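This report concerns only the one structure given below.
Just so you know, these numbers come straight off a predicted model, no measurement behind them.
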Amino acid sequence: QVQLVESGGGLVQPGGSLRLSCAASGSIFSINVMGWYRQAPGKQRELVATITRGGITNYADSVKGRFTISRDNAKNTVYLQMNSLKPEDTAVYFCYANLRTDWREGYIDYWGQGTQVTVSS
């Protein structure tokens, strides 16, 4: 029922920039944390950045100073501005949202399908 739709991935040269977007839709009562994870070939999925409903952010050390996470609560959308991209940023990026569909239910994690980001010359 809940759907997370991602956009903005693609191929970019080292030092370039990309902006990822993820819009949550469907039966949504309230969204707590939104964020981005990534998974490179042969590696475990790792946290990139998260942002609370009130705008408190958390970043992986590897992306601090280069990536910026933001959200538009009115649009149920989270963004990831990625600058100064490096080849090691190459991965499938997954959007997630911790939300509840009804006030009677608990918060549950929902995930997007993933979008490929490739940083290469």
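The heavy-atom pair separating Gly112 from Phe94 by the smallest distance is O-CD2, 3.8 Å. Considering all non-hydrogen atoms of both residues, Ala23 and Thr77 come closest at CB-OG1, 3.6 Å. When all heavy atoms of Gly9 and Thr115 are compared, the closest pair comes out as CA-OG1, 3.5 Å.
One finds the CD1 atom of Ile28 at 10.0 Å from the CD atom of Gln3 (value rounded to the nearest 0.5 Å). Here the straight-line distance linking atom CZ of Arg71 with atom OG of Ser21 works out to 14.0 Å at 0.5 Å rounding. Note that CH2 of Trp111 is 10.0 Å distant from CD of Glu6, once rounded to the nearest 0.5 Å. To the nearest 0.5 Å, atoms OH (Tyr59) and CD1 (Ile69) are separated by 6.5 Å. The CG atom of Leu18 lies 5.5 Å from the CG atom of Leu85; values are rounded to the nearest 0.5 Å.
With contacts defined as side-chain heavy-atom distances shorter than 4.5 Å, the pair Cys22/Val5 does not qualify. Contact of the Phe29 side chain with the Thr101 side chain is not registered, since no non-hydrogen atoms from C-beta on lie closer than 4.5 Å. At least one side-chain heavy atom of Ser120 sits less than 4.5 Å from a side-chain heavy atom of Leu11. Inter-residue side-chain proximity for Phe67 and Gln81 is flagged as unmet; no heavy-atom pair is nearer than 4.5 Å. Inter-residue side-chain proximity for Asn98 and Ile31 is flagged as unmet; no heavy-atom pair is nearer than 4.5 Å. Side-chain contact between Arg53 and Ser30 is present, with at least one heavy-atom pair separated by less than 4.5 Å. Side-chain contact between Met82 and Leu20 is present, with heavy atoms from C-beta onward closer than 4.5 Å.
Inspection of the Ser27 and Gln1 side chains reveals an N or O donor paired with an N or O acceptor under 3.5 Å. If you check the side chains of Ser17 and Asn83, you find a donor sitting under 3.5 Å from an acceptor. Of the N and O atoms on the side chains of Glu88 and Thr90, not one donor lies less than 3.5 Å from an acceptor on the other residue.
Using bins of under 30°, 30° to 60° and over 60° for the plane-to-plane angle, the ring pair Tyr96/Tyr37 lands in the perpendicular bin.
Taking hydrophobic clusters as Ile, Leu, Val, Met, Phe, Trp and Tyr residues chained together by side-chain heavy-atom distances below 4.5 Å, Val78 shares a cluster with Val2. Linking ILVMFWY residues whenever their side-chain heavy atoms come closer than 4.5 Å, directly or via other members, places Val12 and Tyr93 in the same cluster. Note on Val117: it clusters hydrophobically with Met34, by side-chain heavy-atom contacts below 4.5 Å among ILVMFWY residues. Neither Val92 nor Tyr110 shares a network with the other; the hydrophobic side chains, linked directly or stepwise wherever heavy atoms of I, L, V, M, F, W or Y lie under 4.5 Å apart, form separate groups for each.
Identified under the salt bridge (Lys or Arg N to Asp or Glu O under 4.0 Å) test for residues 100-112, with sequence neighbours left out: Asp102-Arg104.
Under the 6.0 Å distance and 45° angle rule, Arg19 counts as a cation-pi partner of Tyr79.
In this structure, Asp89 does not pair ionically with Lys86, as no charged nitrogen and carboxylate oxygen lie closer than 4.0 Å.
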Report all side-chain donor-acceptor pairs from residues 41-51 shorter than 3.5 Å, counting only partners two or more places apart or in another chain.
residue: Glu46; atom: OE2; partner: Arg38; partner atom: NE; Å: 2.9
residue: Glu46; atom: OE2; partner: Arg38; partner atom: NH2; Å: 3.4

